[in-house]
Amino acid sequence: MQTEDEDEASCEEYVARSDFTGSSTDQLSFSRGDRLLVHAKPSSEWWWAELQGVIGYVPASYMSQDAAGEEEEDPSIEDPWQDEEYFGNYGTLRLHLEMLSDKSRTEAYRQVILSNSASLSSKRVMDLGCGTGIISLFCAQLARPSMVYAVEASSMAEYTRQLVKQNGYDEVVTVLQGRAEEIELPEQVDVLVSEWMGNCLLFEFMVESVLLARDRWLRDGGTMWPSSAALTFVPCQADSYYAEKMAFWERPYGLDFTPLQPLAQQEFFTKPKFSHIIEPCDCLAAPCDVISLDMYTLQVGDLEEMKGQFHFCVEKSGVFHGFTAWFTVCFESLEAGGATVELNTGPNSGPTHWKQTLFMLDRPVSVCAGDSISGTIVLQRNPVWRRHMTVTLHWTIKGSTDNPDNSQAGTKSFPMWR
Ligand SMILES: N=C(N)NC/C=C/[C@H]1O[C@@H](n2cnc3c(N)ncnc32)[C@H](O)[C@@H]1O
(Lines give C-alpha, C1' and ligand atoms only; values in the text may rest on other atoms or scores of the structure.)
Protein backbone atom coordinates (compact mmCIF):
# COMPACT_ATOMS: atom_id res chain seq x y z
CA MET A 1 0.00 0.00 0.00
CA GLN A 2 1.65 3.31 -0.98
CA THR A 3 2.05 5.97 1.73
CA GLU A 4 0.78 9.50 1.05
CA ASP A 5 4.16 10.91 -0.03
CA GLU A 6 5.06 7.75 -1.99
CA ASP A 7 1.73 8.22 -3.72
CA GLU A 8 2.57 11.87 -4.36
CA ALA A 9 6.00 10.83 -5.63
CA SER A 10 4.47 8.37 -8.15
CA CYS A 11 2.03 11.01 -9.44
CA GLU A 12 2.75 12.75 -12.71
CA GLU A 13 1.30 16.07 -13.83
CA TYR A 14 -0.33 16.19 -17.26
CA VAL A 15 -2.07 18.93 -19.21
CA ALA A 16 -5.45 18.30 -20.88
CA ARG A 17 -5.19 18.65 -24.66
CA SER A 18 -8.85 19.50 -25.06
CA ASP A 19 -12.22 19.49 -23.28
CA PHE A 20 -13.69 16.17 -22.16
CA THR A 21 -17.11 15.41 -20.69
CA GLY A 22 -17.18 12.29 -18.52
CA SER A 23 -19.91 9.86 -19.47
CA SER A 24 -20.31 8.15 -16.10
CA THR A 25 -19.77 9.03 -12.46
CA ASP A 26 -16.32 7.41 -12.43
CA GLN A 27 -15.05 9.54 -15.36
CA LEU A 28 -13.57 13.01 -14.77
CA SER A 29 -14.68 16.00 -16.86
CA PHE A 30 -12.07 18.62 -17.63
CA SER A 31 -11.22 21.52 -19.93
CA ARG A 32 -8.34 22.04 -22.36
CA GLY A 33 -5.29 23.27 -20.41
CA ASP A 34 -6.38 21.80 -17.03
CA ARG A 35 -3.48 20.34 -15.08
CA LEU A 36 -4.30 16.84 -13.82
CA LEU A 37 -2.40 14.62 -11.39
CA VAL A 38 -2.21 11.09 -12.83
CA HIS A 39 -2.10 8.55 -10.02
CA ALA A 40 -2.21 5.33 -12.04
CA LYS A 41 -2.37 4.03 -15.60
CA PRO A 42 -4.45 0.81 -15.29
CA SER A 43 -4.87 0.64 -19.07
CA SER A 44 -3.44 2.31 -22.17
CA GLU A 45 -6.76 4.06 -22.77
CA TRP A 46 -7.99 5.08 -19.32
CA TRP A 47 -5.86 6.59 -16.52
CA TRP A 48 -6.78 7.27 -12.87
CA ALA A 49 -6.30 11.01 -12.25
CA GLU A 50 -7.16 13.87 -9.92
CA LEU A 51 -8.39 17.36 -10.73
CA GLN A 52 -8.97 19.87 -7.91
CA GLY A 53 -9.36 17.08 -5.40
CA VAL A 54 -11.78 15.01 -7.52
CA ILE A 55 -10.55 11.57 -8.66
CA GLY A 56 -11.72 9.59 -11.71
CA TYR A 57 -10.93 7.97 -15.06
CA VAL A 58 -9.57 10.19 -17.84
CA PRO A 59 -8.95 9.25 -21.50
CA ALA A 60 -5.17 8.87 -21.84
CA SER A 61 -5.24 10.28 -25.40
CA TYR A 62 -6.30 13.67 -23.97
CA MET A 63 -3.28 13.83 -21.63
CA SER A 64 -0.17 15.69 -22.67
CA GLN A 65 3.06 15.74 -20.68
CA ASP A 66 3.59 19.42 -19.85
CA ALA A 67 7.23 20.47 -20.27
CA ALA A 68 8.54 23.87 -19.08
CA GLY A 69 5.11 25.51 -19.26
CA GLU A 70 4.51 24.89 -22.97
CA GLU A 71 2.63 21.88 -24.15
CA GLU A 72 5.23 19.66 -25.80
CA GLU A 73 3.78 18.77 -29.22
CA ASP A 74 3.15 15.04 -29.05
CA PRO A 75 4.65 13.75 -32.32
CA SER A 76 1.58 11.59 -32.94
CA ILE A 77 -0.55 14.76 -32.86
CA GLU A 78 1.46 16.07 -35.82
CA ASP A 79 -0.76 13.75 -37.84
CA PRO A 80 -4.21 14.35 -36.33
CA TRP A 81 -5.68 12.70 -39.45
CA GLN A 82 -3.42 9.66 -38.89
CA ASP A 83 -2.96 9.65 -42.67
CA GLU A 84 0.17 7.54 -42.47
CA GLU A 85 -1.79 4.66 -40.95
CA TYR A 86 -5.06 5.44 -42.78
CA PHE A 87 -3.71 5.51 -46.32
CA GLY A 88 -1.25 2.79 -45.42
CA ASN A 89 -4.21 0.50 -44.70
CA TYR A 90 -5.83 1.41 -48.00
CA GLY A 91 -2.59 0.64 -49.82
CA THR A 92 -3.18 -3.06 -49.10
CA LEU A 93 -5.89 -5.27 -50.61
CA ARG A 94 -7.60 -6.34 -47.35
CA LEU A 95 -10.03 -3.41 -47.10
CA HIS A 96 -10.60 -3.19 -50.87
CA LEU A 97 -11.41 -6.91 -50.97
CA GLU A 98 -13.87 -6.40 -48.11
CA MET A 99 -15.55 -3.50 -49.91
CA LEU A 100 -15.60 -5.20 -53.32
CA SER A 101 -16.98 -8.38 -51.72
CA ASP A 102 -19.82 -6.33 -50.20
CA LYS A 103 -22.44 -6.98 -52.88
CA SER A 104 -25.11 -4.68 -51.41
CA ARG A 105 -22.66 -1.78 -51.46
CA THR A 106 -21.03 -2.41 -54.81
CA GLU A 107 -24.24 -3.37 -56.64
CA ALA A 108 -25.90 -0.17 -55.33
CA TYR A 109 -23.20 1.95 -56.99
CA ARG A 110 -23.43 -0.17 -60.15
CA GLN A 111 -27.22 0.38 -60.17
CA VAL A 112 -26.67 4.15 -59.89
CA ILE A 113 -24.42 4.16 -62.96
CA LEU A 114 -26.65 1.77 -64.91
CA SER A 115 -29.88 3.64 -64.24
CA ASN A 116 -28.22 6.93 -65.22
CA SER A 117 -26.16 5.62 -68.13
CA ALA A 118 -27.92 7.70 -70.79
CA SER A 119 -27.65 10.93 -68.78
CA LEU A 120 -23.97 10.24 -68.06
CA SER A 121 -23.14 10.64 -71.77
CA SER A 122 -20.52 13.37 -72.28
CA LYS A 123 -20.52 14.12 -68.53
CA ARG A 124 -17.35 14.76 -66.51
CA VAL A 125 -17.18 12.66 -63.33
CA MET A 126 -14.94 12.74 -60.23
CA ASP A 127 -14.68 9.51 -58.26
CA LEU A 128 -13.29 10.58 -54.88
CA GLY A 129 -11.35 7.89 -53.05
CA CYS A 130 -11.71 5.48 -55.98
CA GLY A 131 -9.70 2.67 -54.32
CA THR A 132 -9.37 -0.04 -56.99
CA GLY A 133 -11.46 2.16 -59.31
CA ILE A 134 -14.61 0.02 -59.38
CA ILE A 135 -17.03 2.96 -59.62
CA SER A 136 -14.95 4.62 -62.36
CA LEU A 137 -14.79 1.32 -64.24
CA PHE A 138 -18.60 0.98 -63.97
CA CYS A 139 -18.90 4.47 -65.52
CA ALA A 140 -16.68 3.50 -68.45
CA GLN A 141 -18.23 0.05 -68.84
CA LEU A 142 -21.93 1.01 -68.57
CA ALA A 143 -22.04 4.61 -69.82
CA ARG A 144 -20.25 7.09 -72.09
CA PRO A 145 -18.94 9.89 -69.86
CA SER A 146 -16.49 12.30 -71.48
CA MET A 147 -13.99 11.83 -68.63
CA VAL A 148 -13.78 10.20 -65.21
CA TYR A 149 -11.18 11.56 -62.78
CA ALA A 150 -10.44 8.72 -60.37
CA VAL A 151 -8.72 10.23 -57.32
CA GLU A 152 -6.94 7.98 -54.81
CA ALA A 153 -4.47 9.06 -52.13
CA SER A 154 -3.02 5.65 -51.24
CA SER A 155 -0.40 3.64 -53.12
CA MET A 156 -3.29 1.60 -54.56
CA ALA A 157 -3.54 4.32 -57.24
CA GLU A 158 -0.70 2.85 -59.29
CA TYR A 159 -2.55 -0.49 -59.46
CA THR A 160 -5.81 1.27 -60.25
CA ARG A 161 -4.05 2.80 -63.26
CA GLN A 162 -3.12 -0.74 -64.39
CA LEU A 163 -6.70 -1.97 -63.92
CA VAL A 164 -8.01 0.89 -66.07
CA LYS A 165 -5.54 0.03 -68.82
CA GLN A 166 -6.08 -3.73 -68.42
CA ASN A 167 -9.80 -3.19 -69.13
CA GLY A 168 -9.22 -0.82 -72.04
CA TYR A 169 -10.68 2.30 -70.41
CA ASP A 170 -7.59 4.50 -70.24
CA GLU A 171 -9.14 6.90 -72.79
CA VAL A 172 -12.06 7.56 -70.42
CA VAL A 173 -10.64 7.14 -66.91
CA THR A 174 -7.72 9.23 -65.62
CA VAL A 175 -6.28 8.08 -62.26
CA LEU A 176 -4.80 10.85 -60.09
CA GLN A 177 -2.83 9.91 -57.01
CA GLY A 178 -3.18 12.33 -54.11
CA ARG A 179 -5.59 13.68 -51.55
CA ALA A 180 -8.73 14.99 -53.20
CA GLU A 181 -8.39 18.29 -51.35
CA GLU A 182 -4.88 18.77 -52.74
CA ILE A 183 -4.91 17.47 -56.32
CA GLU A 184 -5.63 19.71 -59.33
CA LEU A 185 -8.21 18.71 -61.91
CA PRO A 186 -7.98 20.26 -65.39
CA GLU A 187 -11.67 21.20 -65.27
CA GLN A 188 -14.79 21.21 -63.08
CA VAL A 189 -17.02 18.12 -63.09
CA ASP A 190 -20.74 17.50 -63.52
CA VAL A 191 -20.91 14.58 -61.06
CA LEU A 192 -18.99 13.95 -57.82
CA VAL A 193 -19.36 10.32 -56.77
CA SER A 194 -17.73 8.80 -53.69
CA GLU A 195 -18.15 5.92 -51.30
CA TRP A 196 -17.12 7.78 -48.15
CA MET A 197 -19.39 6.34 -45.48
CA GLY A 198 -17.74 5.00 -42.34
CA ASN A 199 -19.11 3.14 -39.33
CA CYS A 200 -22.00 5.06 -37.84
CA LEU A 201 -21.96 7.00 -41.16
CA LEU A 202 -19.25 9.49 -40.20
CA PHE A 203 -16.34 7.64 -38.60
CA GLU A 204 -13.09 8.31 -40.54
CA PHE A 205 -14.64 11.70 -41.51
CA MET A 206 -13.80 11.12 -45.16
CA VAL A 207 -16.96 13.16 -45.74
CA GLU A 208 -14.89 16.30 -45.03
CA SER A 209 -12.78 15.58 -48.12
CA VAL A 210 -15.96 15.11 -50.17
CA LEU A 211 -17.32 18.50 -49.08
CA LEU A 212 -14.02 20.27 -49.83
CA ALA A 213 -13.90 18.65 -53.28
CA ARG A 214 -17.56 19.61 -53.88
CA ASP A 215 -16.85 23.24 -53.13
CA ARG A 216 -13.82 23.26 -55.36
CA TRP A 217 -14.56 20.95 -58.33
CA LEU A 218 -18.32 20.41 -58.67
CA ARG A 219 -19.84 22.86 -61.15
CA ASP A 220 -22.93 24.81 -60.13
CA GLY A 221 -25.91 22.56 -60.58
CA GLY A 222 -23.69 19.47 -60.56
CA THR A 223 -24.76 16.21 -58.91
CA MET A 224 -23.56 14.70 -55.64
CA TRP A 225 -23.66 10.91 -55.35
CA PRO A 226 -24.70 10.12 -52.63
CA SER A 227 -27.08 13.10 -52.63
CA SER A 228 -28.25 12.60 -49.04
CA ALA A 229 -27.47 10.44 -46.01
CA ALA A 230 -29.34 9.55 -42.82
CA LEU A 231 -28.24 7.98 -39.53
CA THR A 232 -30.92 5.66 -38.14
CA PHE A 233 -31.32 4.62 -34.49
CA VAL A 234 -33.36 2.05 -32.61
CA PRO A 235 -33.55 0.87 -28.95
CA CYS A 236 -32.71 -2.84 -28.93
CA GLN A 237 -32.10 -6.05 -27.09
CA ALA A 238 -28.60 -7.54 -27.22
CA ASP A 239 -29.02 -10.68 -25.15
CA SER A 240 -26.18 -12.70 -26.60
CA TYR A 241 -23.66 -9.84 -26.44
CA TYR A 242 -24.69 -9.05 -22.86
CA ALA A 243 -24.45 -12.74 -21.89
CA GLU A 244 -21.04 -13.09 -23.55
CA LYS A 245 -19.44 -10.01 -21.96
CA MET A 246 -21.30 -9.45 -18.66
CA ALA A 247 -23.47 -12.34 -17.49
CA PHE A 248 -20.50 -14.65 -18.08
CA TRP A 249 -18.88 -13.46 -14.81
CA GLU A 250 -21.86 -14.52 -12.67
CA ARG A 251 -21.06 -18.22 -12.38
CA PRO A 252 -18.08 -19.40 -14.46
CA TYR A 253 -17.23 -22.98 -13.44
CA GLY A 254 -19.38 -22.67 -10.32
CA LEU A 255 -17.50 -19.64 -9.03
CA ASP A 256 -18.66 -16.07 -8.41
CA PHE A 257 -16.64 -13.67 -10.60
CA THR A 258 -19.08 -10.75 -10.28
CA PRO A 259 -16.42 -8.39 -8.80
CA LEU A 260 -15.03 -8.29 -12.34
CA GLN A 261 -18.28 -6.93 -13.81
CA PRO A 262 -17.35 -3.24 -13.32
CA LEU A 263 -14.14 -3.94 -15.27
CA ALA A 264 -16.12 -5.76 -17.94
CA GLN A 265 -18.48 -2.81 -18.24
CA GLN A 266 -15.52 -0.43 -18.60
CA GLU A 267 -13.68 -2.63 -21.07
CA PHE A 268 -16.52 -3.90 -23.27
CA PHE A 269 -19.32 -1.32 -23.00
CA THR A 270 -17.43 1.98 -23.01
CA LYS A 271 -16.90 2.01 -26.77
CA PRO A 272 -19.55 1.20 -29.37
CA LYS A 273 -19.41 -2.26 -30.89
CA PHE A 274 -18.70 -1.99 -34.61
CA SER A 275 -19.77 -4.85 -36.84
CA HIS A 276 -22.74 -5.76 -34.71
CA ILE A 277 -25.51 -7.66 -36.51
CA ILE A 278 -28.92 -6.74 -35.13
CA GLU A 279 -31.82 -9.06 -35.95
CA PRO A 280 -35.14 -7.35 -36.74
CA CYS A 281 -36.65 -9.11 -33.69
CA ASP A 282 -34.06 -7.34 -31.45
CA CYS A 283 -35.62 -3.96 -32.28
CA LEU A 284 -37.83 -2.78 -29.40
CA ALA A 285 -39.46 0.02 -31.42
CA ALA A 286 -39.73 1.36 -34.96
CA PRO A 287 -36.34 2.78 -35.99
CA CYS A 288 -36.09 6.52 -36.61
CA ASP A 289 -33.67 8.81 -38.47
CA VAL A 290 -31.78 10.94 -35.94
CA ILE A 291 -29.39 12.79 -38.29
CA SER A 292 -30.09 13.73 -41.93
CA LEU A 293 -27.42 15.16 -44.22
CA ASP A 294 -28.04 17.07 -47.46
CA MET A 295 -24.81 16.68 -49.41
CA TYR A 296 -25.46 19.92 -51.33
CA THR A 297 -25.76 22.17 -48.30
CA LEU A 298 -23.73 20.36 -45.60
CA GLN A 299 -20.69 22.38 -44.51
CA VAL A 300 -17.42 21.12 -43.00
CA GLY A 301 -18.11 23.22 -39.89
CA ASP A 302 -21.40 21.36 -39.37
CA LEU A 303 -19.38 18.18 -38.80
CA GLU A 304 -17.93 19.44 -35.48
CA GLU A 305 -21.16 18.76 -33.62
CA MET A 306 -24.30 17.14 -34.97
CA LYS A 307 -27.40 16.73 -32.84
CA GLY A 308 -30.50 14.64 -33.23
CA GLN A 309 -33.56 13.71 -31.23
CA PHE A 310 -35.50 10.52 -30.89
CA HIS A 311 -38.82 9.39 -29.46
CA PHE A 312 -39.55 5.66 -29.46
CA CYS A 313 -42.74 3.89 -28.43
CA VAL A 314 -41.75 0.45 -27.16
CA GLU A 315 -43.68 -2.05 -29.29
CA LYS A 316 -42.87 -5.20 -27.36
CA SER A 317 -41.78 -6.00 -23.81
CA GLY A 318 -38.19 -7.02 -23.43
CA VAL A 319 -34.79 -5.97 -22.11
CA PHE A 320 -33.46 -2.59 -23.29
CA HIS A 321 -29.71 -3.29 -23.55
CA GLY A 322 -28.83 -0.32 -25.72
CA PHE A 323 -29.22 1.39 -29.08
CA THR A 324 -28.20 0.21 -32.53
CA ALA A 325 -27.30 2.59 -35.34
CA TRP A 326 -26.95 2.23 -39.11
CA PHE A 327 -27.20 4.53 -42.14
CA THR A 328 -28.92 4.93 -45.49
CA VAL A 329 -27.64 6.95 -48.46
CA CYS A 330 -29.67 8.03 -51.49
CA PHE A 331 -28.52 8.74 -55.06
CA GLU A 332 -30.84 11.08 -56.94
CA SER A 333 -31.34 10.58 -60.66
CA LEU A 334 -29.44 12.76 -63.13
CA GLU A 335 -32.75 13.36 -64.91
CA ALA A 336 -35.49 15.26 -63.13
CA GLY A 337 -38.09 12.90 -61.76
CA GLY A 338 -35.90 9.86 -62.36
CA ALA A 339 -35.78 7.01 -59.83
CA THR A 340 -33.61 7.41 -56.72
CA VAL A 341 -31.28 4.56 -55.80
CA GLU A 342 -30.96 3.76 -52.08
CA LEU A 343 -28.27 1.92 -50.11
CA ASN A 344 -29.71 0.93 -46.73
CA THR A 345 -27.33 -0.76 -44.23
CA GLY A 346 -30.08 -1.61 -41.74
CA PRO A 347 -31.35 -5.00 -40.48
CA ASN A 348 -34.18 -5.19 -43.04
CA SER A 349 -31.84 -4.80 -46.03
CA GLY A 350 -29.12 -6.99 -47.48
CA PRO A 351 -26.05 -7.45 -45.24
CA THR A 352 -23.12 -5.06 -45.79
CA HIS A 353 -19.53 -4.95 -44.52
CA TRP A 354 -20.54 -2.06 -42.22
CA LYS A 355 -23.08 -4.26 -40.44
CA GLN A 356 -24.52 -2.11 -37.61
CA THR A 357 -23.11 -0.26 -34.55
CA LEU A 358 -24.24 -1.20 -31.01
CA PHE A 359 -24.17 1.24 -28.07
CA MET A 360 -24.54 -0.73 -24.81
CA LEU A 361 -26.03 0.90 -21.70
CA ASP A 362 -24.13 0.33 -18.45
CA ARG A 363 -27.14 -1.49 -17.07
CA PRO A 364 -30.00 -3.10 -19.04
CA VAL A 365 -33.55 -1.99 -18.28
CA SER A 366 -36.70 -4.07 -18.59
CA VAL A 367 -39.30 -2.27 -20.68
CA CYS A 368 -42.91 -3.01 -21.56
CA ALA A 369 -44.95 -2.37 -24.66
CA GLY A 370 -46.32 1.15 -24.39
CA ASP A 371 -43.30 2.57 -22.56
CA SER A 372 -41.54 5.44 -24.32
CA ILE A 373 -37.81 6.10 -24.77
CA SER A 374 -37.04 9.70 -25.71
CA GLY A 375 -33.83 11.63 -25.85
CA THR A 376 -31.01 13.17 -27.83
CA ILE A 377 -27.88 12.09 -29.62
CA VAL A 378 -24.82 14.32 -30.09
CA LEU A 379 -21.98 13.39 -32.43
CA GLN A 380 -19.03 15.44 -31.18
CA ARG A 381 -16.04 15.39 -33.50
CA ASN A 382 -12.74 14.85 -31.70
CA PRO A 383 -10.89 18.19 -31.53
CA VAL A 384 -7.50 16.47 -31.71
CA TRP A 385 -7.98 13.20 -33.67
CA ARG A 386 -9.84 14.40 -36.72
CA ARG A 387 -11.12 11.04 -37.88
CA HIS A 388 -12.71 10.28 -34.50
CA MET A 389 -15.79 11.38 -32.63
CA THR A 390 -17.69 10.84 -29.39
CA VAL A 391 -21.36 9.87 -29.43
CA THR A 392 -23.24 11.16 -26.38
CA LEU A 393 -26.73 9.84 -25.67
CA HIS A 394 -29.30 11.20 -23.25
CA TRP A 395 -32.47 9.18 -22.80
CA THR A 396 -35.59 9.13 -20.59
CA ILE A 397 -37.75 6.06 -20.21
CA LYS A 398 -41.36 6.79 -19.30
CA GLY A 399 -43.54 3.95 -18.13
CA SER A 400 -46.82 3.42 -19.94
CA THR A 401 -50.05 4.07 -18.07
CA ASP A 402 -50.10 0.49 -16.74
CA ASN A 403 -46.39 0.63 -15.89
CA PRO A 404 -46.03 4.19 -14.50
CA ASP A 405 -43.13 3.59 -12.10
CA ASN A 406 -40.77 2.49 -14.86
CA SER A 407 -39.46 6.01 -15.34
CA GLN A 408 -35.75 6.69 -15.40
CA ALA A 409 -33.20 8.80 -17.23
CA GLY A 410 -29.69 8.05 -18.35
CA THR A 411 -26.75 9.48 -20.28
CA LYS A 412 -23.57 7.98 -21.68
CA SER A 413 -20.73 9.08 -23.98
CA PHE A 414 -19.10 6.59 -26.34
CA PRO A 415 -15.66 7.46 -27.76
CA MET A 416 -15.08 6.32 -31.38
CA TRP A 417 -12.27 5.59 -30.75
CA ARG A 418 -10.18 8.24 -29.00
N1 LIG B 1 -16.14 4.21 -47.08
C2 LIG B 1 -15.08 4.33 -46.34
N3 LIG B 1 -15.12 4.46 -45.02
N4 LIG B 1 -13.90 4.32 -46.90
C5 LIG B 1 -13.86 3.69 -48.22
C6 LIG B 1 -13.10 4.48 -49.17
C7 LIG B 1 -11.80 4.76 -48.93
C8 LIG B 1 -10.91 4.97 -50.13
O9 LIG B 1 -10.80 6.35 -50.40
C10 LIG B 1 -9.45 6.76 -50.26
N11 LIG B 1 -9.49 8.12 -49.66
C12 LIG B 1 -10.01 8.46 -48.47
N13 LIG B 1 -9.90 9.80 -48.30
C14 LIG B 1 -9.30 10.30 -49.41
C15 LIG B 1 -8.92 11.61 -49.85
N16 LIG B 1 -9.14 12.67 -49.07
N17 LIG B 1 -8.35 11.75 -51.06
C18 LIG B 1 -8.13 10.67 -51.85
N19 LIG B 1 -8.45 9.39 -51.51
C20 LIG B 1 -9.04 9.22 -50.30
C21 LIG B 1 -8.80 5.74 -49.37
O22 LIG B 1 -7.41 5.65 -49.60
C23 LIG B 1 -9.51 4.47 -49.81
O24 LIG B 1 -8.93 3.90 -50.95
Side-chain angles (χ1 to χ4, degrees), residues 1-74 76-77 80 200 203 245-246 259-273 304-307 322-323 359-363 375-396 408-418:
M1 191 60 183
Q2 285 182 334
T3 62
E4 191 57 35
D5 19 5
E6 267 169 21
D7 185 36
E8 283 306 311
S10 67
C11 288
E12 291 176 273
E13 184 171 87
Y14 282 80
V15 179
R17 277 202 184 92
S18 54
D19 299 355
F20 175 74
T21 307
S23 71
S24 56
T25 48
D26 60 359
Q27 289 182 9
L28 268 190
S29 299
F30 49 81
S31 306
R32 181 187 173 94
D34 278 349
R35 292 175 180 280
L36 293 102
L37 217 46
V38 173
H39 290 263
K41 301 178 178 177
S43 83
S44 60
E45 277 143 6
W46 294 91
W47 292 351
W48 192 240
E50 178 183 345
L51 174 62
Q52 291 139 15
V54 181
I55 293 246
Y57 281 110
V58 297
S61 61
Y62 280 61
M63 295 295 108
S64 153
Q65 191 87 41
D66 181 30
E70 278 95 48
E71 182 184 314
E72 183 183 297
E73 246 333 284
D74 175 326
S76 68
I77 297 272
C200 223
F203 183 66
K245 301 297 186 190
M246 188 56 71
L260 293 179
Q261 289 189 320
L263 263 185
Q265 176 194 301
Q266 183 72 26
E267 190 171 327
F268 303 124
F269 296 170
T270 297
K271 293 180 174 174
K273 179 196 174 198
E304 284 313 303
E305 182 178 87
M306 277 166 285
K307 295 186 175 179
F323 294 93
F359 297 86
M360 289 293 272
L361 307 187
D362 287 344
R363 271 167 300 287
T376 61
I377 173 174
V378 180
L379 304 179
Q380 183 77 42
R381 193 172 180 186
N382 188 306
V384 180
W385 303 101
R386 300 305 280 154
R387 295 191 184 279
H388 298 247
M389 62 180 166
T390 294
V391 179
T392 300
L393 305 177
H394 296 270
W395 64 90
T396 303
Q408 55 181 295
T411 182
K412 183 169 181 178
S413 287
F414 299 82
M416 291 173 117
W417 286 111
R418 289 178 182 270

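In what follows, residues are counted from 1 in the order of the sequence shown.
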Please report the shortest heavy-atom distance between [X] and [Y], naming the atom on each side.
X	Y	answer
Ser31	Ala16	O-CB, 3.3 Å
Trp47	Pro42	CA-CD, 4.0 Å
Gly56	Leu28	N-CG, 3.6 Å
Leu51	Ser29	CD2-O, 3.7 Å
Cys11	His39	SG-ND1, 3.3 Å
Arg418	Thr390	O-OG1, 4.3 Å

Can you tell me how far the [atom1] atom of [X] sits from the [atom2] atom of [Y], to the nearest 0.5 Å?
X	Y	atom1	atom2	value
Arg17	Phe30	CZ	CZ	10.5 Å
Asn382	Tyr62	CG	OH	4.0 Å
Glu267	Lys245	CD	NZ	8.5 Å
Lys273	Met360	NZ	CE	8.5 Å
Trp46	Thr270	CH2	OG1	6.0 Å
Phe269	Asp362	CZ	CG	9.0 Å

Self-check item: Partners meeting salt bridge (charged side-chain N to carboxylate O under 4.0 Å, His left out) with Arg381 (sequence neighbours left out)
Solution: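 Once residues adjacent in sequence are excluded, the partners of Arg381 under the salt bridge (charged side-chain N to carboxylate O under 4.0 Å, His left out) criterion are Glu208, Glu304.
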Quiz item: Near Lys41 NZ, under 6.0 Å, is it more than 12 heavy atoms from other residues, nucleotides or ligands?
Solution: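 Yes, NZ of Lys41 has more than 12 neighbouring heavy atoms, counting only those of other groups under 6.0 Å.
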Exercise. Test Tyr14 against Arg35 for side-chain contact (heavy atoms from CB on, under 4.5 Å), laying out the working first.
Key: CA-CA 6 Å; Tyr14 282 80; Arg35 292 175 180 280; over 6 Å; no
Exercise. Check the pair Gln27 / Gln266 against side-chain contact (heavy atoms from CB on, under 4.5 Å), numbers first and verdict last.
Key: CA-CA 10 Å; Gln27 289 182 9; Gln266 183 72 26; 4.2 Å; yes
Contact check, side chains of [X] and [Y], non-hydrogen atoms, under 4.5 Å:
X	Y	value
Leu36	Met63	yes
Val378	Glu305	yes
Cys200	Met389	yes
Arg363	Gln265	yes

Practice problem: Without swapping roles, check the side chain of His388 against the backbone of Trp417 for a donor-acceptor pair under 3.5 Å. | Solution: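 Checked: pair present.
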Practice problem: Using the side-chain contact (heavy atoms from CB on, under 4.5 Å) rule, take Trp395 and Leu361 through it: C-alpha gap first, then chi angles, then the decisive distance, then the call. | Solution: CA-CA 11 Å; Trp395 64 90; Leu361 307 187; 3.5 Å; yes
Exercise. Check the pair Thr376, Lys307 against side-chain contact (heavy atoms from CB on, under 4.5 Å), reporting the backbone distance first and the verdict last.
Key: CA-CA 7 Å; Thr376 61; Lys307 295 186 175 179; over 6 Å; no
